Amino acid sequence: MDDAQDRLQIGEFAELVGLSIPQLRRYDRLRLLEAAGRSAESGYRYYSRGQTGAARVIALLRSMDMPIAEIRRIVSGAGEPERVRIFRGHRARLEARLDEVRRLLEAVDAMTEENDMSTETCISSWLHLMPHIPVTDAERSITYYQEALGLRLDWRTADGQVVALSSGDIETLMLVPWSGAGAPPPQETYVYVEDPDALCAEYQQAGADIVSPVATRAYGMRDFVVRDPDGHTFILGCGTEQLREVADHYGISPDRIAVNPEWLERRKPRT
């Protein structure tokens, strides 16, 4: 087979290995799965058939919601002991999510079994928080969120009025068109993530607009700030158990904050 026959255009390769074109572009920039080359005529990326094995491994691991940093360690030749540690650590994270779902199911079961919906039992849970972000150019924003921030395009309405994207770290993000004069009012959203250091490094490689690099803040969180094309900012980070320090950031007296110890216990890393 000559070189021309071995080449696959990015769309063909994406369909063959189970990755999207935005994912392939992003993984190329991150040097996780670099394209074999670019066409001299069009400048488009192309891949070789010999890359399908690695691409399918990456697609499989991403389908398990494994972080990019850990996938990189696996595909770059991690030994068996390290691979085992990576998978065990990821399994612990998934178990923690499963525990959350089980608690929600137990609450639903308890509500179902109640004949009298008393004030004490009639409670609601925020299962999915979906921020609505106004954008001036939906296609530009979709490209940025997919290629720079690694979100997936889940669905969009036929009229283009609502676009839903998601990732392992951001549950669901809704983009809606902004029709007002000038730029939309900038919004700020805090997102809790597993490893802000690794995610910040990944976003920097992918060309995201990092407003503030990762650092440990005085209010007890370690986070960084990324900005989208319309000026909306996302603070991505994780906290320590010194959650009362958050009070200083919001100007609240620490004695007014009551931290549920079970909440802290659920967020401790599992060994």
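Any value given below was found using the heavy atoms of this structure, including those in side chains, with hydrogens, waters and symmetry copies removed. These figures come from a predicted structure and were not determined experimentally.
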Results of side-chain contact (heavy atoms from CB on, under 4.5 Å) for S39 - residues two or more places apart only: E41, S42
Transitive ILVMFWY side-chain link W178 to V176, under 4.5 Å: no
Any donor-acceptor N or O pair under 3.5 Å, side chains D209, Y144: no
Residues which pass side chain to side chain donor-acceptor pair (under 3.5 Å) with E139, listed by chain and number, not counting sequence neighbours: R156
ILVMFWY cluster, M221 and V211 together (side-chain gap under 4.5 Å): yes
Full working for side-chain contact (heavy atoms from CB on, under 4.5 Å) between I68 and R62: CA-CA 8 Å; I68 294 291; R62 283 302 290 150; 3.8 Å; yes
I133 vs M174 side-chain heavy atoms within contact, under 4.5 Å: no
N/O donor-acceptor pair under 3.5 Å between D154 side chain and A164 backbone: no
With T157 via side chain to side chain donor-acceptor pair (under 3.5 Å) - residues at least two apart: D159
Residues in side chain to side chain donor-acceptor pair (under 3.5 Å) contact with R91, at least two apart in sequence or another chain: E95
Working for side-chain contact (heavy atoms from CB on, under 4.5 Å), residues R152 and Y145: CA-CA 8 Å; R152 298 181 297 271; Y145 281 104; over 6 Å; no
Donor-acceptor pair, side chain of H232 and main chain of P186, under 3.5 angstrom: no
Residues that L60 engages under side-chain contact (heavy atoms from CB on, under 4.5 Å), provided they are two or more places apart: S63, M64
Sequence neighbours excluded - salt bridge (charged side-chain N to carboxylate O under 4.0 Å, His left out) pairs with any residue from residues 197-206: R26-E202, D197-R222
Full working for side-chain contact (heavy atoms from CB on, under 4.5 Å) between V226 and T233: CA-CA 6 Å; V226 64; T233 54; over 6 Å; no
Non-hydrogen side-chain atoms of Y47 and D28 separated by less than 4.5 Å: yes
For residues 8-21, please give each side-chain donor-acceptor pair under 3.5 Å, one per line with the distance, not counting sequence neighbours.
{"unit_1": "E12", "atom_1": "OE1", "unit_2": "Q9", "atom_2": "N", "d": "2.9"}
{"unit_1": "S20", "atom_1": "OG", "unit_2": "Q23", "atom_2": "N", "d": "3.1"}
{"unit_1": "S20", "atom_1": "OG", "unit_2": "Q23", "atom_2": "OE1", "d": "3.3"}

CA sep, side-chain torsions, deciding dist, call: V163, W155, side-chain contact (heavy atoms from CB on, under 4.5 Å): CA-CA 6 Å; V163 176; W155 54 264; over 6 Å; no
Pairs meeting criterion salt bridge (charged side-chain N to carboxylate O under 4.0 Å, His left out) with involvement of residues 174-190, two or more places apart: none
Cationic N near anionic O, under 4.0 Å, E80 to R83: yes
Sequence-distant partners of R88, salt bridge (charged side-chain N to carboxylate O under 4.0 Å, His left out), two or more places apart: none
Distance-minimising heavy-atom pair for R25 and R45: CG-NH1, 3.4 Å
Trace of the salt bridge (charged side-chain N to carboxylate O under 4.0 Å, His left out) decision for D230 with R140: CA-CA 10 Å; D230 286 287; R140 177 186 66 173; 3.3 Å; yes
Cationic N near anionic O, under 4.0 Å, R29 to E147: yes
Donor-acceptor contact present, side-chain S141 to main-chain A138, <3.5 Å: no
Any E82 side-chain heavy atom under 4.5 Å of I74 side chain: no
P196 side chain reached by F224 side chain, heavy atoms, under 4.5 Å: yes
Nearest-0.5 Å distance, CZ of residue F234 to OG1 of residue T189: 5.0 Å
Spacing of R73 atom CZ and I86 atom CD1 [to the nearest 0.5 Å]: 4.0 Å
Distance (rounded to the nearest 0.5 Å) between L32 CG and I58 CD1: 4.0 Å
Side chain proximity check, L173 to H132, heavy atoms < 4.5 angstrom: no
Distance in Å, F87 CZ paired with L61 CG, rounded so as to fall on 0.5 Å steps: 5.0 Å
Flag, side chain of D223 to backbone of T216, donor-acceptor distance under 3.5 Å: no
Gap separating the CG atom of L149 from the CG atom of L199, nearest 0.5 angstrom: 8.5 Å
Partners meeting side chain to side chain donor-acceptor pair (under 3.5 Å) with Q51 (sequence neighbours left out): none
side-chain contact (heavy atoms from CB on, under 4.5 Å) involving Y46 - partner list, sequence neighbours excluded: R7, A36
Heavy-atom pair with the smallest gap, counting every atom of P134 and P184: O-CG, 3.6 Å
Spacing of Y203 atom OH and I210 atom CD1 [to the nearest 0.5 Å]: 8.5 Å
Any residue meeting side-chain contact (heavy atoms from CB on, under 4.5 Å) with A215, in chain and number order, not counting sequence neighbours: R217
